[in-house]
Structure formats: structure tokens, C-alpha cells
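Taking it in order: structure first as C-alpha cells, then the write-up.
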Amino acid sequence: MLNYTPKEVVEREALKINPCKTCQPAGALYAALGVNRCLPHSHGSQGCVAFHRMFLTRHFKEPVMGSSSSFTEGSSVFGGGSNLKTAAKNIFDLYDPRIIAVHTTCLSETIGDDLGSIITEMDIPEGKYVVHCNTPSYKGSHVTGFTNMVSGFVNYLSRKTGTSNGKLCVFPGWGNPGDYREYKKLMKAMKVPFSMLPDTSGVLDGAMTGKYEMYPDGGTTIEEIEGLGDCISSLALGIQTSEPSAVALKKKCGVDYNAIPLPMGIENTDKFIMTLQQFSKEDVPFEVEEERGQLVDMMVDIHPYTYGKKVAIYGDPDTVLGITQFCLELGMIPKYVITGTPGVQFKAAAEAMMEKFGIEDSVIKAEADLFYLHQLMKNEPVDIMIGGTHGKHIARAEGIPLVRMGFPVIDRYIHSYMPLVGYKGGMRMAELIVNAIMDYQDSHCEEKDVEMVM
Amino acid sequence: MLNYTPKEVVEREALKINPCKTCQPAGALYAALGVNRCLPHSHGSQGCVAFHRMFLTRHFKEPVMGSSSSFTEGSSVFGGGSNLKTAAKNIFDLYDPRIIAVHTTCLSETIGDDLGSIITEMDIPEGKYVVHCNTPSYKGSHVTGFTNMVSGFVNYLSRKTGTSNGKLCVFPGWGNPGDYREYKKLMKAMKVPFSMLPDTSGVLDGAMTGKYEMYPDGGTTIEEIEGLGDCISSLALGIQTSEPSAVALKKKCGVDYNAIPLPMGIENTDKFIMTLQQFSKEDVPFEVEEERGQLVDMMVDIHPYTYGKKVAIYGDPDTVLGITQFCLELGMIPKYVITGTPGVQFKAAAEAMMEKFGIEDSVIKAEADLFYLHQLMKNEPVDIMIGGTHGKHIARAEGIPLVRMGFPVIDRYIHSYMPLVGYKGGMRMAELIVNAIMDYQDSHCEEKDVEMVM
Amino acid sequence: MSEGLKEKVLDKYSARVYKNRKPHLVTVGEETEITANTRTIPGIITQRGCCYAGCKGVVLGPIKDAAIIVHGPIGCSYYAWGTRRHKAESDIRDNEEADCYLEYCFSTDMQEADIVFGGEKKLKQAAQEIVDIFKPKIVMICSTCPVGLIGDDINAVAKWIESDLGTKAISFSCEGYKGVSQSAGHHIANNQLIRYVIGTGDKEPKTKYSVNVLGEYNIGGDGWEVEKLLKRCGVEVVSVFTGGGSYRDLKNSHLANLNLVQCHRSINYVADMMKDKYGIDWIKVNFVGIESTAKALRDVGEYFGDEQLKKRIEEVIADEMSAIADDVSYYNSKLKGKTAALYVGGSRAHHYQVLLKDFGIETVLAGYEFAHRDDYEGREVIPSIKTDADSKNIESLEVEADPKHYRVFLTDEQKAELDNKGVKLNYYEGMFKGMNDGSIICDDLNHFETEEFLRVLKPDIFFSGIKDKFVAQKSGMLSRQLHSYDYSGPYAGFKGAVNFGHDLVMGLYTPAWSYIRAPWKSIPSIEGTLGGAE
Amino acid sequence: MSEGLKEKVLDKYSARVYKNRKPHLVTVGEETEITANTRTIPGIITQRGCCYAGCKGVVLGPIKDAAIIVHGPIGCSYYAWGTRRHKAESDIRDNEEADCYLEYCFSTDMQEADIVFGGEKKLKQAAQEIVDIFKPKIVMICSTCPVGLIGDDINAVAKWIESDLGTKAISFSCEGYKGVSQSAGHHIANNQLIRYVIGTGDKEPKTKYSVNVLGEYNIGGDGWEVEKLLKRCGVEVVSVFTGGGSYRDLKNSHLANLNLVQCHRSINYVADMMKDKYGIDWIKVNFVGIESTAKALRDVGEYFGDEQLKKRIEEVIADEMSAIADDVSYYNSKLKGKTAALYVGGSRAHHYQVLLKDFGIETVLAGYEFAHRDDYEGREVIPSIKTDADSKNIESLEVEADPKHYRVFLTDEQKAELDNKGVKLNYYEGMFKGMNDGSIICDDLNHFETEEFLRVLKPDIFFSGIKDKFVAQKSGMLSRQLHSYDYSGPYAGFKGAVNFGHDLVMGLYTPAWSYIRAPWKSIPSIEGTLGGAE
């Protein structure tokens, strides 16, 4: 495996090898799936949306729809305005979404198509919507695209009527449907009235019914998105991913916001719950407190297996930060903390955590790739890797376990139904991590050291 | 590992090697922990309860309390009546339970102590209870002991007032706290008023609070047990484990019962839900239907990995039958289906399943041991094992994965918080099984066959 | 009825879309001409990919020892990383090792500044780095959409790599917007391979019975299975285009005596040009399917005409057939009478019909994603295919006979004799001819039509790709990916047929299907006895 | 204060229990005599096990090449299967292999009929089967509670195995109700080992500096660590009782020149009887703790008196010490000033105080589960220990000097000299002497007292077993199992000390402890702004 990766780390300026990110439009497409009866639309050549649909389908093992402006060489010269108009007409005719969410591509961005104007000129059927965001593939990453699409919905649809709806607006950031369900469960338990944008639960974790629905019942409704402007305040989960959308809402409708890390692990989930409590004034109910206590109980129980274990964590910035925090809470040593997405907050946030937990000599890097991570690991090995599927070759090459978390996980099933956030998500993370460590011990120790009781 | 196990299967008449069961008192102790403010008491020499507490603690990683009559050589000659009376006095003085649940041991059974009479002669404080059951270690297994203790509670406490309480009495059989929670969740969703005996949730999956409570809030209350006699009907989950208790309730209070397999996998959970629906007349709510559909979706998704895979399943009879059913639903071939507990229903039930799914040549055996299972596997290998910790040496010897389910799992953590029953439990089983198979493929295939997408 | 069916499906279209789509749909036995290789209408949810996908993803990606830099923003390289199941491993042939870089994904990860100020500098630096770290025998550069627009001269960079870094380099201007589908990318890749790879080596085959396998991408190990079979028969495989293949071998491919074409669409340019340039005949083969595999092997025997070889081929066929007979008959018993719909690439929708027939499965609907008319109607229609604006943009390379290497293996007489024996040289008959009257053919089948056709035709199995797999599956219909074989395979050759049969039986008979309908949906709500209804 | 503390804890007892329990509790410096090895009061939740656990579980279980049939219902054998972490692996010594059956659990799984009609027949059949399948060098039979009552003659069965099956066999009547704790079982096991194993071999040690290690059960690999150390020093280890040990080696143990006793309680009978029968002196050693390990090694050197050996020992000590110095000093910096409570077995509650002291941890409460007075007060009290009904039931074996093998290694003069140097022969000083005034010692500490003492003394760490581990842990207190080392180890020797230090630091500093209190429990409920309160 990966036999051509040398141990010596060579500084590279131009060549990205085995990236830890993909392009903006993929994230924009995903975000748009979290809106009710929305068809994501890719304004570019048709290969883009084909790739993005493949990519997302492989992660969720669910149908992922998206249309394309199907640029030809001609459109690339003369601009894609007419392609988009034709597309919108055909889409409303044939696929009958309530809303089309357009994102751009490197192609249409390089051409310089002015989507705002094109959409303004469109003949949009009554009761239907077309929104857009700019997602140049050559800036940021899929995470940026997700953020931009969420902000796009806000910019187009949210409005302030002057009458508060008493709700909390939640920008949950990039999660799996299982995560979104967990947020809703906790907010319900905390008696917080909320609108959450986006929400792919019910869309990408749907039931097998024997009937294909192009638009399942899930997703944030347009009315809810409109109503975000009337929310009392907004809560951005995952600072890098969600804060810009909260800023957009504040700018547009004056809604104040709070931005906190993804509620992964104890401390961050505590922050989430305390923020909800501050909103609802309700006591934290027993079931939430019990879950928290159960998680702490497990963490104390398993500490002999997790404490001091070195871990390499890679993936999307807010998720990686959440996993890193939880690993620290488990007494692990996050030796390498890597995201492919650019952004300065990442390093600062990770360094602050390391300092708090007294961990030194970790390598924290944004805009990094997995080739670099592998080289680091060859120089100082770790016990376990945590991240998406693309690390599997490294894990096999180095003979260590890979715990699959984050995005994308394209070589396993069921994971997207399960939360990593909240205390329940902590239980899942704890079990996945400790089982990987214990399985490794069971299979790699000498026969005389196989333990019946652990 | 297990290097002295020969391939040739030798018929054994007397020697049990690497058993797949333990003795009745362990199960009786466990059942008694599922009653609120109950102290289980072992009427025998003190080593018994020491072993049982160890055994259960290792599975749950939680405090497990139990007292003993602390027989000496003298008591073994003259009977343990005075030991029990002394014990009861000291227990109420010191540990202040609401109820003492006494089970016997091979020692007191061989002596022939008449527990009923001894208890009758006791001076039991006002508002306190002492109940007992007979659990001779040389009959049945820990599962039998569990059943006997549950029936013991019914025999002592349940009574018919003539006024129906409108409830369903549920005997959930042997499960983990996570299972009991899942039952309660489903019954609540189905709007079924119920009393469940026993219920170790809240007792053995408690939160870390910084304060030890000898009697946590969980467990079936005495009032509920008394009220079982006023239930409309009773539902026994797991025919071998629970039906005898339902029979006891019927005998004592005339409550009719229904006995169905443990709700593991689709068909058995469907049976459970339909039974609840019959009781409540309520429509099955969306959230239950959605969970079911999600599980079916996952099963279709993962079938290429599970279909045709040979599996060895061992453990307690009703659990093994439940796992076997689910494996069949996944298209797997349960090649060896083994329980250490005696009982004729087991073979008949498993055979009926095999016939239904068209599986031939499986070995189904009750009262078997793991040495025998290993010998079978040496003659015709399987792809995966499912059962408790005691199979781990076999799995390592044969180089195949072991999926830990059932009882006891003494070398892993967190599992007891998680359900295997209901549709949610099915999701967990599906994920554990398919991940084990896929992990095995990832680590054992040739390098050229490592797949990025699966 | 089928015409009515077509109309029913097209009915919901607007007039403009209707007009566009109608000629893409053909009822076998009723119509003979199809429209193909034209633009997909914007907004219509197609399964098609782009030019880059066809060039880098399909044709070049499998070349294991080529270090392919994708020049563009990160996504395009990322999506093509390890996702297409073209298997390969490094190997040594005649003391020459071919590395395998397939676990690596190389990109210039263009940033805004590169778009604004041009990306050539970054590309050069990336090339420097890839040469420093990997020391590859060859570097390939594939450009993605913005590169064409901003005018980076990747050809010049390739030349610079050769001159300044001393490493062979080829550039592929396969921007995604070119052409109407992956097909444009195949063509671009084929052109450059002919220009810069084929004919540059000098390792002579060891035997006379030497072939190249063209258009075999070793998905799930298919190519390995085919190579194994050919070798068992005594046929030497000089190179495979391009599954498990290598620059090391491709460069010698002009020295083989026969080309076997598996995927006609993606590689026919190479076959054609090698015929013109080197005089090498090609036979269209189909190693998917039991009878078709036997025929392919026999055709090779006939081509070379050697009795010893033909005898050996018959022995191998007999041996392979007998090894799979029991399995095939079992799977046949479980599959006979089922119906299938196929929507795949540029040749598989045809190839797999043959294998399905081996198991008694009828194809009721078939379509290609990126085929041309000849893939449907046979190569005889090529002269009558009109070029349009989109196809004109893809260079059509003219080659001349290579004075050094051009040779003729068979005399015209021998060719005529072969033709009589049913071995058609340099010809592909297309998909139409093998299909039953009344079955539907649909070019560039889109999501809307897929839903409609599946609803009406109710095939037992829908063969397609990952994007529409779950649409069918959610409808309770077995769907298998024929691009990636759903992570199974090989499906080619005799043993592959058994794998395929196994997977279909597994898919159709997996118990989970029977659980889709919850019992409370089918059983009338039962009256409860008492209680619980407060 | 400590007296008040004791009273506070005992206060809740009824008069009868109070009277019973009071003499089991001692404040060091205030009292000197303790009551031990007496019955636990029925109903009092003790951590004690039974005679079977002491015999089969502790002493015999680790003998890897003995096939031990537990005769009784299934449970007792099941619970002792793989749960005690006495490690072992098969090995070859002087061409003689010792099998390792520790992964196996053998039981007659008695059924009702066996109880009613007697179980001898089944036991014989089981023996036949074990001999047929495993061909062990030795079979051992351990009986559980009902066997004694129904009168199965397991001794006769053992003889039958020897005569009719030709396999060495020994029976152990270790029914659970015998005695008051595991201790009775140790004694029974010791008696039979002296009777039937020790002295039956004839393999002479290779060197003069030959020892047996007694009462070392190789939990977590402790024994291996000790063996490694002794071997490094040039001391030959003839046998280990019984961790990682074998019948193969035990039978030659009478030919060693010195016995080293680690766990006094469980094995002192063997040490004593070997002294009487073979003249072999024993030294109480403690390989747990850095200084104590050094002392143990030095004592061995002094016993043998050889200057070369003593030099080698000093070199080894210096080397080991320097290797761990940095770690020890780091752990010391993290652990200094912490306090501990220990409640374990029959010797560890003493041994581990020494190791804890190495890290600056003070022991504020200690107790034994199954010790006798001599384990607390020193062997000098043995003559004054009164036998009661329970202890009388355990056979006290009288042995005589073996005419063939009895020999004296040291002259009386040499012994006196040794004594002057602080090497006490055939003596154990007990736990009291090493403890600080004011610390509490509690024999047969029960659940109630545990809770009370922990609440009041608030030690940082509670060392105990699995049964009370989680009681302490739920209270937010680190609890480590000293029976099983919580699946870690080795803790013995120099390297073991580092492992121990690591585990304590890990346990005390694991971040999860700081999360026990939810923030909403400590921060006063904050007023919400608006909403959510409907």
C-alpha cells in the first residue's frame, strides 16, 4: 500500500497528493438537499453534478438528485445564462420542485456568469423559488460550498416581519442525518422552539417503502427559512462552517447570534445544552442529564484503553475539531490534526485545545493533504486514525486501525443514520474508538497475552 | 490458541469443555437487580455470590450487589435456616432494601432447605419483603435461574384485586438495560400502558454522578409487581425465558398471556409491534414505521456483504434464536446454532426458521459447549461468529471475526447500554455484523483488492 | 404497445423537449435509426459525465505507471480517486517494472490566484515535485474546465517536462465542457495515445499469436480474467488498453498482430488508427457472457488460423465450461424468465444482454450513456453520421501508414474466408441487431424517463450506475451497478459469469425485500380488546 | 480521631454485629492484635470468596499442564475460566514440553440425577474423556459444594485414574463451604501438592543458586518479570508456585536450594512443609516495589553468600534502577502526596503499600480479604492463634524429614550471620509493622464499611477487586483492581513499578473525572431572554 510514499517530508508548493477536501459545489449540493422539496442545480458542465451525486450517494447510499446547466463549449464562450433559464423551465416542468438551489462551478465562475441577474430575468412559476450561491471550486472546499449555499438560502429567503416567532434559528453545520436528528431530539428535550437550516434527516436517511420519492418529507421548509429573520437569535454550530451563515442572517435581518463548536464530546455538548437552556429557561431534563452521566461513566470506564493513545485525525475542520476535543477528553494524544480545508481558525482552535489539555508537539495543519499526514505518521507512528474513507490505505499500510468518522465514508454502511454529536454521539464515538483499540489488541497481541476479561 | 482441540468430534457423555452457560443463581441475581430497591441474596456459601457479582460486574462494568447466607461446614450439615434469618436481619439493618430476593444454590438445594418455611418464620420489618425462588445449579442454566426469580416475584407478590389496571404485563426476558429501554420506548410510542418485570435500566446503565447509590432509581417497583395480577394480559418475550413466568401469573391471577420470540430482527419485532397494536388499538406511529423502514433499507443496502455468509451463533437460547432469525433475514447462513442451556424448544424453533429460509445442514444444538462448536468449525469453517466473550479464543484460533452480542460480554465496554432488540437494535446488529465482515475484507484481502468504495 | 409506451413516457415533456428526446427512443423492430451523441438538454437530469471523466477517468486512469496530474481545482482529481475499480498492481515484465500509482491522486489544486494570473507556473512546479518524489516513467497532464478558459498551455508544459526534467510527458486538453459526454474524452485520450505512446516502444512479442486487448478496463478484475484465458489458450497479450495496463506495455502495442476490442465506444479510435498506421486488424470481442467468451476465443483462433492453437482453445473452452456448468445451471434455474433493464456506458448495455441471456433473462429496455449511432446501429452507419458543432470541436486525427511498422497479417483471401466463418474484421454490429422486437432502446436515458420506464416495464433488475441505483432500489427493485459491479467481480469470462449469476441470485432472493411492507400496512387494523385507548 | 472514626463506622451495626466486627478493625499504633480468619456474618456483604476459589482458582488454576476437572454443577468451573489473569504459555524445558490448558474449562456439569444418585460414575467418565482427548500428564479433580454432601469419593476416582487410565491424578476436596474464605482452599491445595507433587521428580537443578518462587501467580506477567530478573542475576528458577508454573517443574521443586515466598498467605504451608521435609529455607520476599525488589534480590545473594553472585545482583539492580529512574521520578512528581486505601487478598494489601511509598503515596486504610493473624502481626503470633471450629475442619498436614532429600544448606552460624544482615529466614513480619500510626487496618472489609471508610477517609485511590471497584468509581474515586491489575501489568520488579506508576497517573489524571458534574449543576440557572417557556 502506498509504497511510493517516502518517509522524508518534502516541502511541496504546488502538488496536492491525496487531498483531504473536495470542491465547493459538492457541499452546496449537500446543503440544498436539506431543504424541503428543493432540487439542487449545478451551473456548469454536466460532469460536475455527476461527480457530486456519485460522491454523496456513495456516502449516504441513498438517491441524490441534482440537475445541471449542461454547458457545452459554446456556453463556455458565450456564458451560461440561457442554459440556466432553459434548465429552470425544464426542471419546474418535469421535476416539480418547490425551489431550485443553484450553485456555480469553476467553469461558470471563470466565465463570470452573473447568476443574480440571470435569475432576476427568469420566468419563475408562481409559488416557486430559485436561489443561488457562488461556489468557485478554486476557493475553500466542499465545506465552504456548504456554508455558501446555506447563506444563499438566507440571503434570498429570510426576512424580518417585525413580529418575533419566538424561535431559535440553528445553523447545524455539516452533519449526517443522524446528527440532525440528535440536535432536534435535544432541542425538543430542552423545550426550545427552533428552525434548523439545513436538515437532511428524512431526506438522506429515509426508510425503504417500496416507493421512490424525489422529494421526501424531510428538509427545512421555505416558510421556515423565511421565518429565520423573525427568530429571537441564531446559534451557529461549528464556527468555521456555520458562523458565516449566522452573520448573513444578522446582516439581513438583524438576528443576533452565538457561534459555538460542534457539540461533540462532553464540553462542547455542555456548551450546546447551556446555550439552549439560556434560551428556553427550562431545567435540563433528566433524560439529557442521564445521557450525559452515562457518557461520563463510559469515559471513566474505558480510560485505561484510550489514555495516552496517539491518534491522527483528519477531515473537515469543525468535525475534526470536535473529534479532537473528544479524544482529548478521553485522555488520548491527538498527534496529527489535519484538514484539507483552508482557514486560520482551525489551527488556532486546535492549539487552544492542546494547550488546555497539556498536549505538546502535535502537528496541526489546515490545507494539508493525506500524503503529508502519511509521511508524518511514518516518522512518528500513531496508534489509531480517525477520519473518512480516504485514509484507509494509510491505515492498512501502517497496520493500524481506522475509525471512520466524518465525511466522506464511502466504504461502510449505516453510519450516516447515527449521530456523532450530543452525548449520544459521544457514546458512539467512544464505542467506535475503544472497540478499534481493543480489537487491535485482541488480534495483535501475543497469544499468551490474549485476555478473557478486559 | 486452543491448540489441543482436535478436529475430530468425539462424542462426550460426561465432560463439559468450555461451557456455554453458567449456573442458575447468576441469572436469579441478575433478575433481582431489575426490581426497585431489591437486594439479591444467595442462600449458599459465600463464594457463590462472589462469583456471580464478579461475573455480572464484568459484563456491566457497574456495581452489582448481593448478599450471602455465608454457609459454613456447620450450616451444610444442619441446614441454613438460621443463616438466612440472621442474614435478613442484618441486611434490613444495614443495607435497608425494600425487598430481599433470595435464591438458592446447589449447596442449599442439596441440603434441602425449605426456603418457603424459613421465610414464613422470619420477622420481616413492616413494609419490607422477602421473596425466594429455587435455583438449583445442577438444573438448567443461568437463564433458568433468571426465569425462576421472575416467577418468584410473581408468586410472592402479584395479586388480583378484581379491578383491572388497564395495563399490559411484559416479561421481557433476559436483556441488557439498553434492550429494556428500547422496549419501553416502543411501548410508549405504541401508547401501551405497561408494567415490565424485570427492568435493569437505570440500575445497571446508570450515569456517573459522583455519588454511589446502592439502589438506583431504576427497576420494577413492588407496587408494579403486585399490580401484575390486575393486568389485562401479559406478554412474554422470549419463549423459553419468559413463558414460564407468564404461566405463573396466569396460574396465580388468571392473566392470559401471549408468548412471542424476542423482538430481534424484522419479523420478530413486527410481531411485537403487532401485539402491542392489538392491545392499544393505536395506529403504529410514524417514528416506529420510519425506524422499521430505515432498517429494511440498511438490510437491502448491505445484503451483498451479508448474503451467503456462514455464521456460528452461540449463547442463551432466546437471544441466539433472535440473532439467528436476524441473520437469516440478512441472507446469512447460520451454520452452527448453539446454546449451553438445555431445553427442547430451542432446536424446534431454530429448525422451523431454517426450514422457512431454506437453509439445510445447519447444526442446531442445545446443552452444547464451545469446545464442540470449535470442533464443528474446524471441520467446516464459518465466516463469522456471533456470541459472547467466551468465543474469542475460537475466533482468534480460526482467524475470523467475532461479533459480540448476548451474554456475557466481559471484554468490551458500552455494549450493555445499547439495544439489540427492536428495529433500533436491528440497526445495531446490522452495523456490527457488516462492519466485522467489511473490516475483515479490508484487512485480509490482497493489496490489489483493497476497495476505496464499498 | 411499446410505441404507446414511449409516448406515455414522453407525454409529460414540453414540446421542445419532446422533439429533442423522441428520436433518442427506439422500439426495436419498429424503428431503425436512433439519435445519439447529442447534447443533453439543460436541466434534464442525465446520468452522463463529462469529457474529463472519459479521458482521465476512463481511458487514462487505469494506466498504472503513469503519474497523472489533474490540472484544475481539487474536485475533479478527487472524484476520480479510487472510485472506478479499475484494478492494477505493480508488476515486472522482462525485468522491467511497472509502478502502480493508482492509490495516489495528484492535483494542482488551483486557487483563485492561479485562475486570475494563470496556472502554468503552478503546473510546472507540480510536475517538478511529482518527478522529484515519484520519479515516474511518464507524466500525464489532464486539464479541467477553467484551464481551457484561462488559456494555460499544458502542451508547452509537457514539452518543458520532457526537455527540462527529462521525463516523458503528455498533455490532454480534456476540459469538462468539451463534447456532450465522456465520449469526447475517450477520443482525446485515444488521439494522444496514438500520437505519443503507441509505437514508441520496441519490445517485440515473443510469439506470433500476439494481441492487444482494447477497451478492457479491468473493472473488478475482468481484464485479469481475460488475460488469464488468453494465456491459457496460448495467446500472448502484449498490452491492455488500459485496465491494469502500463505505459511500459502500451508503447509496444503496435508490435502485436491483432487487436481485440472489448469496449467499442471508448477505444475504437485507437483500433481504427492502429489499423491505418500499423495495419493491425481488429476484431470486436465480447468476453462478457459464456457463449460470447467462447466465440471471442474461437475468433482469435480463426484469425491466426493455427490448428494447434484452435485445438488448445477448444480444450480450454471445454474445461472452463465444465467447471462452471453446475453453477450456471443452478443460477439459471433461479433466474430464468426474469427481465432486465440496462443503462450503462458505451458497450456494456450490449455486452451484458448476452450474459443475461445465458441465464435466461430477457432485456426489455437498454440504453447507452455516451454512445454514438454506430454503437446502436453498427459501424455501417458511420459514413452517414452527421457531425455537429459539438463533435466538430473534438479533433479527428488522421494517421498514415507507418513506413517502418506497417504490415499486413492476412491476405485478402484469408480475410474473405474469415468473413465466411462469421469472423468480421474491423467491424462492430451494434446493439440493435441482437435485441428482441418490441424492446425499448433509449439513448441518454435520464432520471425522468428512468422512473417512468421502470414504473411501466417493471423489470426485475435494473442495471445502471451509482446515481440511479438507489432510485430503483427505493422502488423495491433490485439494482446493480454495471459500472463498478457493486464492488464485486470479475464478471468477464467463464468464471466471471458465475460471479454474475451469484450476485443476481443474491440480489433477487435476499430476504430483506419481503419486509418492505410493514405488516400493519397489509393486515387490517385489528380491534384491541381493552385499555390503552385513553 | 481514628478511634472515633472506627466507632463512627461501626455505629450503625446491631450490638451483635458490632461485637463481631470490632476486633477486625485496628488503628495502627493503638491496638496490636486483630481478629482474622473467622466467619463472615450472614447477610454482611463481604468480598470474600470460598474454599474452591482459593484451591482451584488461586493455587491450582495457574498450573498450566494440569487438566483440572471441576466436579460439580457448571458454574464454579465457568467462573474460574480465564478470569484471573494468571498468564502462562506452553514451553519446553530440557526437552520436556509443558502443555498449557488454561484456555480450557473442564467440568462434570453435574445434573440433578448425579446429585441424587451420586456423581462418581460421571466423574470417571469425564476423566476417561479428558485423558482420551488431551492426554495430559496429570489430572486434578476439584470438588464443589454438593459433592461433599452427597459423598462422592473423588479420592477413589483419582486412584482409579492412575491405576486404570495410567495417568497421574490428584483430588482436592475443596468444597466451597469449607473454612471461612479462600484461605481454606489454599491450605487444601498446599497439602496435596506436598503429598503428591513436590518430591516426585528427579531433575536436579543445574546450579547451586537454585530457587523456587512460591506464591507468585504471574498475574499480568508478574512472575515472568521476577523470573527474568532472577535469571539476569544468575539465579536458577526451578519452579514457580504456581503462576505460569507446571507440574513438570513443580515435581522437582524439592531439589532447589532456597524458597522465595511472595504471597505468604496462600503458600506458606508449602514453604513450611518443604522446610520440614526437605530442609529448604525460605525467605519472605516482595518483588512489588522498587526498593523491596532490590532487597529481595540482595537477600538471595546474601543467602547464597557468593561474592560473584552478589556483584552481579548489584549490577542488575543498578542497571534496572537507572533504566526506570526518569519514569519513576516523573510519576512520583504526579503522585506524591496522594493517599490510598487497599483491600486485597492475603498479601498484596501489604506488598503494594511498599510500591505506593516508592511513589510518595501514603496508605490510610488497608485490609485483607482472607488473611490470618500472622499476615497482619507477623509469624511470631502463630503459636497463640486459637483454632476454631472452622479452621479445625481443614486438615493440618504433619510432614517428616525426607530421608533421601533432606539437607541443610546453611550452618546455624551462617544463619545467625544472615539474621544480623537483616535477612530473616523462614519468617514473615506481617503488615502492621510497616504502617504509619493512625492508619486503619480492617480485616474482611465489607461493603458497608467500605462505603463508610471511603466517605470519611477520602483516599485518592481505592485498590480492590472487581466487586467493589465500581462502588468507589461511582463515587468519583479512582479504583484499581489489585487482583487483576485491571488487565494491565506486570507490576512486579523494576519495570513493573513503572507500569504501576503509569496506570495510577493515567487513572488520576484522566480528564473524564472533571466532567462528572454537569455545568448546569454548578452554574446558577440563568434567566433565559425570551421564548421557549410556553
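All of these numbers come straight from a predicted model, not from anything done at the bench. To find a chain, count down the sequence lines: A is the first, B the second, and so on, and within it residues start at 1.
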Working to the nearest 0.5 Å, report the span between [atom1] of [X] and [atom2] of [Y].
X: A:Glu290; Y: B:Asp205; atom1: CD; atom2: CG; value: 6.5 Å
X: B:Arg404; Y: A:Asp439; atom1: CZ; atom2: CG; value: 6.0 Å
X: A:Tyr417; Y: B:Lys424; atom1: OH; atom2: NZ; value: 10.5 Å
X: A:Thr389; Y: B:Glu451; atom1: OG1; atom2: CD; value: 12.0 Å
X: A:Leu402; Y: B:Asp442; atom1: CG; atom2: CG; value: 8.5 Å
X: A:Thr209; Y: B:Glu289; atom1: OG1; atom2: CD; value: 9.5 Å

On a heavy-atom basis, which atom in [X] and which in [Y] lie closest, and how many Å separate them?
X: B:Met454; Y: A:Lys61; answer: O-NZ, 2.7 Å
X: B:Ile302; Y: A:Ile414; answer: CG2-CD1, 4.4 Å
X: B:Arg396; Y: A:His444; answer: NH1-N, 4.3 Å

Is the count of non-hydrogen atoms from other residues, nucleotides or ligands lying under 6.0 Å from B:Asp217 atom CG greater than 12?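 Check fails, neighbour count at 12 or below.
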Heavy-atom count check: over 12 atoms from other residues, nucleotides or ligands less than 6.0 Å from B:Asn3 CG? yes
Atom group of [X] that falls short of 4.5 Å from chain B, counting heavy atoms:
X: A:Arg412; value: both
X: A:Lys392; value: side chain
X: A:Ala395; value: neither
X: A:Val300; value: side chain

Within-4.5 Å side-chain heavy-atom neighbours: [X] and [Y]:
X: A:Asp297; Y: B:Glu62; value: yes
X: A:His393; Y: B:Met452; value: yes
X: B:Met299; Y: A:Met208; value: no

I need the residue from [options] with the largest number of non-hydrogen atom pairs under 4.5 Å to chain A.
options: B:Gly399, B:Pro408, B:Gly206; answer: B:Gly206
options: B:Met298, B:Gln294, B:His390; answer: B:Gln294
options: B:Val409, B:Val434, B:Asp411; answer: B:Asp411

What part of B:Ala430 gets within 4.5 angstrom of chain A, counting heavy atoms only: side chain, backbone, both, or neither? both
Which one, A:Arg428, A:Lys448, A:Met418, leads in non-hydrogen pairs under 4.5 Å with chain B?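 Looking at each option in turn, the highest pair count goes to A:Arg428.
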Among A:Leu295, A:Asp301, A:Val296, which residue has the highest count of heavy-atom pairs closer than 4.5 Å to chain B? A:Asp301
